[in-house]
Amino acid sequence: MSELSAARYGKDNIRLYKVHRDEATKTHTVTEMTVCVLLEGDIQSSYTKADNSVVVATDSMKNTVYLLAKQNPVTPPELFGSILASHFPEKYPHIHAAHVKIITHRWTRMTIDGKPHPHSFLRDGAETRNTEVVCKRGAGIIVRSGIQGLLVLKSTGSAFHGFVRDEYTSLGETWDRILSTEVDTNWGWRLFKTLNDVKSNISLFDKAWESARNITLKTFANDNSASVQATMYKMANEILAAVPEVNNVDYSLPNRHYFEIDMEWHKGLKNTGKDAEVYVPQSGPSGLIKCTVSRTKASKL
């Protein structure tokens with residue numbers, strides 16, 4: 001015997017670009033996104049009985065994304081994600097929940113001859129601003145925001161020593177090393193009761209993203225890091241302090257290694273320890289360190 005214990009379907013990789021034209025200043029602002037929409041509800045019969053009468057076509061979901069993007073602002077992405085996620089349970093009585101994920105791709109305005117260009121942009125990194133929104137009928141709107149693909153490196157100010165040493169350990173202790181990682185961080189907001197609740201807090205989303213990004217960069221640069229673990233914990237706590245409406249912060253940081261090259265074999269050339277200048281960037285394996293830091297129950301009250 002078997003049963004369908006979970007079902008969710010939708011449209012992934014919906015590519016969306018929107019340009020806002022300010023006629024007064026003749027300045028354009030552009031936004032590029034990749035959107036995923038997944039629906040849940042009374043859709044079991046489409047799986048178990050080949051009954052398509054309960055299926056909202058994924059093509060309809062794609063068209064909905066474009067139409068709502070035309071009719072509403074797409075920034076901040078938390079707002080647009082909430083508009084999308086709220087639409088489907090409201091439109092279709094048998095759909096009980098919508099899951100929306102938005103990846104906002106980075107376009108930075110060009111500076112030409114010392115002045116911001118009104119309509120030209122550059123892609124200055126693979127970093128994305130990510131948003132996930134879940135709207136369940138009668139249960140409010142859950143929003144998570146994040147940053148992914150932010151590649152950072154510092155050439156000193158990082159150590160790693162005092163760790164467990166046993167018969168499996170070959171790693172040497174170090175008091176000064178290169179530290180590099182690709183930042184993946186997310187923060188979970190307090191529950192929004194309705195779409196209007198989201199709209200009344202629009203200003204929080206950009207502020208939180210800027211705070212999280214600036215805190216990540218400043219802490220990474222300035223912390224005399226004893227470990228990736230210790231540094232990421234400081235980052236998460238500072239974000240919670242800066243944005244009271246956020247309940248939890250998580251980080252996932254791979255430790256991208258750079259290894260010294262021993263050149264003693266070549267005429268006694270020194271290139272280790274304090275003499276190291278040439279390194280080999282490693283593609284793998286790499287350490288992967290994760291954490292979630294949450295407010296205590298008392299601090300949420």
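Quantities reported herein were computed from a predicted structural model and do not represent experimental measurements. Residues: numbered from 1 along the sequence shown.
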query = Under the ring-ring contact (aromatic ring centres under 6.0 Å, His included) rule, what pairs show up with a residue in residues 233-261, not counting sequence neighbours?
reply =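 Sorted result for residues 233-261: H257-F259.
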
Any donor-acceptor N or O pair under 3.5 Å, side chains [X], [Y]:
{"X": "N63", "Y": "S60", "value": "no"}
{"X": "W189", "Y": "S145", "value": "yes"}
{"X": "S53", "Y": "D51", "value": "yes"}
{"X": "S158", "Y": "R177", "value": "yes"}
{"X": "D22", "Y": "H28", "value": "no"}
{"X": "S225", "Y": "T231", "value": "yes"}

Once you round to the nearest 0.5 Å, how far does [atom1] of [X] lie from [atom2] of [Y]?
{"X": "I261", "Y": "E277", "atom1": "CD1", "atom2": "CD", "answer": "11.5 Å"}
{"X": "E260", "Y": "N271", "atom1": "CD", "atom2": "CG", "answer": "7.0 Å"}
{"X": "L217", "Y": "K154", "atom1": "CG", "atom2": "NZ", "answer": "12.0 Å"}
{"X": "R213", "Y": "L150", "atom1": "CZ", "atom2": "CG", "answer": "5.5 Å"}
{"X": "I215", "Y": "E210", "atom1": "CD1", "atom2": "CD", "answer": "11.5 Å"}
{"X": "H94", "Y": "R137", "atom1": "NE2", "atom2": "CZ", "answer": "9.5 Å"}

For [X] and [Y], work out which heavy atoms get closest and say how close.
{"X": "M33", "Y": "P77", "value": "CE-CB, 4.0 Å"}
{"X": "S155", "Y": "I178", "value": "O-CG1, 4.1 Å"}
{"X": "L16", "Y": "V65", "value": "CD2-CG1, 4.3 Å"}
{"X": "D176", "Y": "G157", "value": "OD1-N, 3.7 Å"}
{"X": "V249", "Y": "L240", "value": "CG2-CD2, 3.8 Å"}
{"X": "M61", "Y": "K11", "value": "SD-N, 3.8 Å"}

ask   = Does K136 pair with E40 as a salt bridge, N-O distance under 4.0 Å?
value = no

message = What I want to find out is whether R106 reaches E32 closely enough, with some N-O distance under 4.0 Å, to be called a salt bridge.
response = no

[X] (side chain) donor-acceptor with [Y] (main chain) under 3.5 angstrom:
{"X": "R165", "Y": "L171", "result": "yes"}
{"X": "N72", "Y": "L68", "result": "yes"}
{"X": "H117", "Y": "S120", "result": "yes"}
{"X": "S211", "Y": "A242", "result": "no"}
{"X": "T111", "Y": "G114", "result": "no"}
{"X": "H20", "Y": "V30", "result": "no"}
{"X": "T34", "Y": "I14", "result": "no"}
{"X": "R129", "Y": "H105", "result": "no"}

key: The single option from I142, V143, N201, V246 passing side-chain contact (heavy atoms from CB on, under 4.5 Å) against R190   = N201

request  = Among V183, D184, T216, find the residue that satisfies the side-chain contact (heavy atoms from CB on, under 4.5 Å) test when tested with L253.
outcome  =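 With L253 as partner, side-chain contact (heavy atoms from CB on, under 4.5 Å) holds for just one option, V183.
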
Flag side-chain contact, heavy atom, 4.5 Å: [X] against [Y]:
{"X": "N255", "Y": "F160", "answer": "no"}
{"X": "I43", "Y": "I95", "answer": "yes"}
{"X": "N247", "Y": "W187", "answer": "no"}
{"X": "K115", "Y": "D113", "answer": "no"}
{"X": "V198", "Y": "I141", "answer": "yes"}
{"X": "V56", "Y": "Y9", "answer": "yes"}
{"X": "H99", "Y": "R8", "answer": "yes"}
{"X": "R109", "Y": "P116", "answer": "yes"}

Would you say [Y] ends up clustered with [X] if hydrophobic residues are merged whenever their side chains have heavy atoms under 4.5 Å apart, either directly or through other cluster members?
{"X": "L151", "Y": "W209", "answer": "no"}
{"X": "L191", "Y": "L204", "answer": "no"}
{"X": "I202", "Y": "V133", "answer": "yes"}
{"X": "M110", "Y": "W107", "answer": "no"}
{"X": "V278", "Y": "L269", "answer": "yes"}

message = More than 12 heavy atoms of other residues, nucleotides or ligands under 6.0 Å from CZ of F163: yes or no?
response = yes

message = Tell me whether the count of non-hydrogen atoms from other residues, nucleotides or ligands lying under 6.0 Å of CH2 in W265 goes above 12.
response = no

ask   = Can you name the ring pair (Phe, Tyr, Trp, His ring centres under 6.0 Å) partners of F80, sequence neighbours left out?
value =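 For F80, no residue satisfies ring pair (Phe, Tyr, Trp, His ring centres under 6.0 Å) once neighbours in sequence are set aside.
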
task = Could you walk me through whether K101 and V35 pass side-chain contact (heavy atoms from CB on, under 4.5 Å), step by step?
result = CA-CA 6 Å; K101 181 176 181 179; V35 181; over 6 Å; no

query = Sequence neighbours excluded, which residues qualify as side chain to side chain donor-acceptor pair (under 3.5 Å) partners of R144?
reply =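 R144 satisfies side chain to side chain donor-acceptor pair (under 3.5 Å) with N248, D250 only.
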
request  = Could you tell me which residues satisfy side chain to side chain donor-acceptor pair (under 3.5 Å) with T48, sequence neighbours excluded, listed by chain and number?
outcome  = none

Can I get a per-line list of side-chain donor-acceptor pairs under 3.5 Å for residues 81-92, giving both atom names and the distance, sequence neighbours left out?
unit_1 : atom_1 : unit_2 : atom_2 : d
S82    : OG     : E78    : O      : 2.8
S86    : OG     : S82    : O      : 2.7

query = Between N130 and T128, is a side chain to side chain donor-acceptor pair (under 3.5 Å) present by the stated rule, with each step listed?
reply = CA-CA 6 Å; N130 296 356; T128 59; 3.0 Å; yes

task = May I have the step-by-step check of side-chain contact (heavy atoms from CB on, under 4.5 Å) for V164 and T169, ending in yes or no?
result = CA-CA 8 Å; V164 174; T169 307; 5.6 Å; no

task = Check the pair V152, T181 against side-chain contact (heavy atoms from CB on, under 4.5 Å), reporting the backbone distance first and the verdict last.
result = CA-CA 6 Å; V152 293; T181 189; 3.7 Å; yes

Please set out all donor-acceptor pairs under 3.5 angstrom arising from side-chain atoms of residues 279-292, sequence neighbours excluded.
unit_1 : atom_1 : unit_2 : atom_2 : d
Q282   : NE2    : V280   : O      : 3.0
K290   : NZ     : S252   : OG     : 3.2

